[in-house]
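We name chains A, B, ... by the order of the sequence lines, and we start the count at 1 in each one.
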Amino acid sequence: MIDRNDQVDARIAKLDKLRELGVNPYPHHFSVSFDSKYLIDNKDQLLAAETVVRWAGRVVRYNRKGKMCFMHLKDRTGKMQVVVMSSNVPESDYEVVKLTDLGDWIGVEGTCMVTQAGEYSVRATKFVMLSKAVRPLPTPKEKIDEQGNKVVFDEFASVELRYRQRYLDLTLNDDVREVFYKRSRIVQAIREYLLEQKYLEVETPTLQPIYGGANARPFTTHHNAQGMTLYLRVANELYLKRCIVGGLDRVFEFTKNFRNEGMDRTHSPEFSALEFYEAFADYNDMMRHFENIWERACIAANGTTEIETQGKQVSFKAPWPRLTVYQAIEKFAGLQVESMSDDEIKSEIAKRHIEMKGEWLRGRAILSIFEHDCEPNLTGPIFITDFPKESTPLCKGHRTKPELIEQFEPYVVGWEVGNAYTELNDPLLQRELLEEQVSRGRGGEDETHPMDESFLHSIECGLPPTGGVGIGVDRMIMILTNQPTIRDVQLFPLMKPE
RNA sequence: GGGCUAGUAGCUCAGUGGUAGAGCAGUGCCCUUUUAAGGCAUGGGUCGAAGGUUCAAUCCCUUCCUGGCUCACCA
């Protein structure tokens, strides 16, 4: 049953009146010749030629003055005023004008004009109800003050309502809709770059019998027909590597990943990721792709590589600086960990009150010092390279330092925004490392992984030398659009039912 | 999970131990150049839910629900 109130009743009454007048309040189609951006960009020409235009949008301002009515319609590209004079439209159309409310979708036909107050408008000769809204929209209003600043009155601002009723947020808050336009352009820029680089776009399973590729707790679900437990993807890494084994030597995929963990400003249970893998490449090649992608994405969204975001001034001009983990620790913590004894490192850990879970491993201790002393200082953009081998079992050993691996993590505004390796392709070592991880539970962490025999089988069949990259797309969008929370870059963030 | 904080009209908010107010929106009338929609009039609320204290609760207390900020957890 529709949730009624006096305003809904009033609109439903208008709906009935429209039908009594023989007007279909929900017609099937309306031909639009121009959008508002075109109308505005071609103002002089349209005025001079008195071109007949057909245009449609949603009523966001309505001011009827007796036998004349001013309204603003908003379409995807902007908004513009429509002027309807009862003397210029059929009498029946003006009856429709009188039954129009904020939020209705309207189509008009007419020519362009400038009002006495100087506002460029469409003067309607036909006025068509395209969809009658029976629920009132919030009614923010705005004006430009003497300083030229936009002042908004009664803004639609409730965070909860904005997320739950994103359709209203998008309708009423232009800055919100701009975020999603930019999001689309960013994704497009990434895709274009990878396609230019001869990458193949592929799709891999979301429902997986065994999850893997990241240390994360999965969502579990059930396939009734097969009586089978399935997991929602936490990462697509293992499938993309299978693609490389199969000779699809440059692949990428945008995916939704699902991780059954806490939510906060930068974590959502459902988030977008991009991974790409390139045969015969190493992590140095992948760093170049990474910085190129960010540079292009930033330009696509902002028209420049220099932006202010998360309270910091950041340049995404490639190339980005590189710093090894050892160098970073020396720079920010003043420690030469490489030449320190285990006991010395233990004492530094204790000094910092860092708690180490599970079995003591030198590499994990060094990682902890890095996270504690360095991460917050990495305004970036910067690549941190050459991690201790305990960091991950999927990365290839460093070509000169046996205790390290060829991993890099890019940092921007102190956030880790990706992860990349020269991929481990020695199948026997891969098996050993995965078995070690499974048996050890990674030093007491919860997220032990089941052994993925099928993945190991594929590596055994021959993975060429490969570079791989994972990018957290939502965090990337947050940074490139300067949004404070991950929910501000997801159209419909998860909310508990009301 | 911890701390802090919020929920009052369609929206944004004010408010009080004696069952509630404003602006916009709505309704009615007037208005052919408005622009925060100009004039006059006017309807609208189980004050998030349930319990408790009290003569009396929207207000005080408890619990719950739904949010926000923050810490912790989490690549």
**Study point:** Main-chain N/O of A:P205 paired to A:Q208 side chain as donor or acceptor, under 3.5 Å
**Key:** yes
Practice item. Check the angle between the aromatic planes of A:W320 and A:F316 and answer parallel, tilted or perpendicular using the 30° and 60° thresholds. Key: tilted
**Study point:** Residue A:E416, side-chain heavy atoms: nucleotide from B:U33, B:U35, B:A75 that is nearest
**Key:** B:A75
Check your understanding: Between atom CD in A:E390 and atom C1' in B:A75, what is the gap in whole Å?
Key -> 16 Å
Review point. For A:R487, which contact category applies under a 4.0 Å heavy-atom criterion: base, sugar-phosphate, or nothing?
Key: sugar-phosphate
**Study point:** Whole-Å P distance, B:U34 and B:C29
**Key:** 24 Å
Review point. What nucleic acid atoms does A:P140 come within less than 4.0 Å of, heavy atoms only: base, sugar-phosphate, or nothing?
Key: nothing
**Study point:** NZ/NE/NH1/NH2 to OD/OE distance under 4.0 Å, A:K241 and A:E278
**Key:** no
Exercise for review: Send over the distance from A:L394 CG to B:A75 P, rounded to a whole Å.
Suggested key: 14 Å
Review point. Counting only N and O atoms by type, is there a donor-acceptor contact under 3.5 Å from the side chain of A:K132 to the main-chain atoms of A:L99?
Key: yes
Practice item. Grab the CD1-C1' distance between A:I384 and B:A75 for me, whole Å please. Key: 15 Å
Point to revise | side chain to side chain donor-acceptor pair (under 3.5 Å) partner of A:Q407, chosen from A:N419, A:T385, A:D386 | key: A:N419
Practice item. For B:U58 and B:G48, measure between their P atoms and round to the nearest Å. Key: 10 Å
Check your understanding: If you measure from the P atom in B:A9 to the same atom in B:A20, how many Å do you get, rounded?
Key -> 14 Å
Practice item. Can you check each nucleotide of nucleotides 23-31 of chain B against protein heavy atoms at under 4.0 Å and return B for base, S for sugar-phosphate only, - for none, in 5' to 3' order? Key: BBBSS---B
Exercise for review: Determine whether A:K67 and A:M85 make a side-chain contact, defined as any pair of heavy atoms from C-beta on separated by less than 4.5 Å.
Suggested key: no
Check your understanding: Hey, which of these two, A:M113 or A:Q407, hits RNA chain B nearer its 5' end, going by closest nucleotide?
Key -> A:M113
Check your understanding: Whom does B:G26 pair with, Watson-Crick or G-U wobble, provided both distances fall under 3.5 Å?
Key -> B:U42
**Study point:** B:U70 to B:G28 separation - P atoms, rounded to the nearest Å
**Key:** 46 Å
Exercise for review: Answer with yes or no whether A:N215 presents, from its side chain, a donor or acceptor under 3.5 Å of a partner atom in the base of B:C74.
Suggested key: no
**Study point:** Distance test, side-chain N/O of A:R265 to OP1/OP2 of B:G68, below 4.0 Å
**Key:** no
Exercise for review: Measure from the side chain of A:N419, starting at C-beta and using heavy atoms only, and say which of B:A75, B:C74, B:U35 lies closest.
Suggested key: B:A75
Check your understanding: Atom CG of A:L494 to atom P of B:G67: distance rounded to whole Å?
Key -> 9 Å
Check your understanding: Could you state the CG-P distance from A:D169 to B:U12, rounded to the nearest angstrom?
Key -> 11 Å
Review point. When we call it a touch if two heavy atoms are under 4.0 Å apart, what does A:D9 touch: a base, just sugar-phosphate, or nothing?
Key: nothing
Check your understanding: Salt bridge or not for A:D373 and A:K331, using N-O below 4.0 Å?
Key -> no
Revision key, fill the gap. Heavy-atom nearest nucleotide on RNA chain B taken for A:L161 and for A:V114; more 5' hit belongs to A:L161
**Study point:** Nucleotide paired to B:U33 in any strand shown, Watson-Crick or G-U, under 3.5 Å
**Key:** none
Point to revise | Protein-nucleotide distance (A:R123, atom CZ; B:U34, atom C1'), rounded to Å | key: 15 Å
**Study point:** B:C13 and B:G45, which share atom name C1', separated by this distance in whole Å
**Key:** 15 Å
**Study point:** Results of salt bridge (Lys or Arg N to Asp or Glu O under 4.0 Å) for A:E109 - residues two or more places apart only
**Key:** A:R54, A:K126
Point to revise | Mate of B:A56 where both pairing distances stay under 3.5 Å, Watson-Crick or G-U | key: none
Exercise for review: Starting from P on B:C11, measure out to CZ on A:R135 and report it in whole angstrom.
Suggested key: 10 Å
Point to revise | Distance, P atom - from B:C24 to B:U35, rounded to whole angstrom | key: 15 Å
Practice item. Using Watson-Crick or G-U wobble geometry with both distances below 3.5 Å, tell me the partner of B:C4, or none. Key: B:G68
**Study point:** B:G10 and B:A6, which share atom name P, separated by this distance in whole Å
**Key:** 22 Å
Check your understanding: Just how far, in rounded Å, is C1' of B:G1 from CD of A:E261?
Key -> 15 Å
Review point. Considering only side-chain heavy atoms of A:R61, which listed nucleotide, B:G10, B:A37, B:C69, is closest?
Key: B:A37
Practice item. Could you let me know what B:U62 is paired to, Watson-Crick or G-U wobble, both distances under 3.5 Å, or none if it's on its own? Key: B:A50
Review point. In terms of side-chain heavy atoms of A:A117, which of B:U33, B:C69, B:U35 is nearest?
Key: B:U35
Practice item. Please say whether the positively charged group of A:R177, taken as NZ for Lys or CZ for Arg, lies over the ring of A:F180, i.e. under 6.0 angstrom from the six-membered ring centre and within 45 degrees of the axis. Key: no
Check your understanding: Which value, in whole Å, describes the distance between the C1' atoms of nucleotides B:G44 and B:A56?
Key -> 26 Å
Point to revise | Sugar-phosphate, base or nothing in reach of A:E142, heavy atoms under 4.0 Å | key: sugar-phosphate
Review point. With no angle test and no hydrogens, is the base of B:U34 tied to the side chain of A:Q81 by a donor-acceptor pair under 3.5 Å?
Key: yes
Study note, to complete from the structure: Hits for ring pair (Phe, Tyr, Trp, His ring centres under 6.0 Å) against A:F408, two or more places apart or cross-chain, chain-then-number order -> A:F383
Exercise for review: Among the candidates B:G67, B:A75, B:U35, find the nucleotide nearest to the side-chain atoms of A:H267.
Suggested key: B:A75
Check your understanding: Which part of the nucleic acid, if any, lies within contact of A:S87, taking any heavy atom under 4.0 Å across all strands shown: a base, the sugar-phosphate backbone alone, or nothing?
Key -> base
Exercise for review: Check every atom of B:C11, B:A75, B:U66 against the side chain of A:E160 and return the nucleotide holding the closest atom.
Suggested key: B:U66
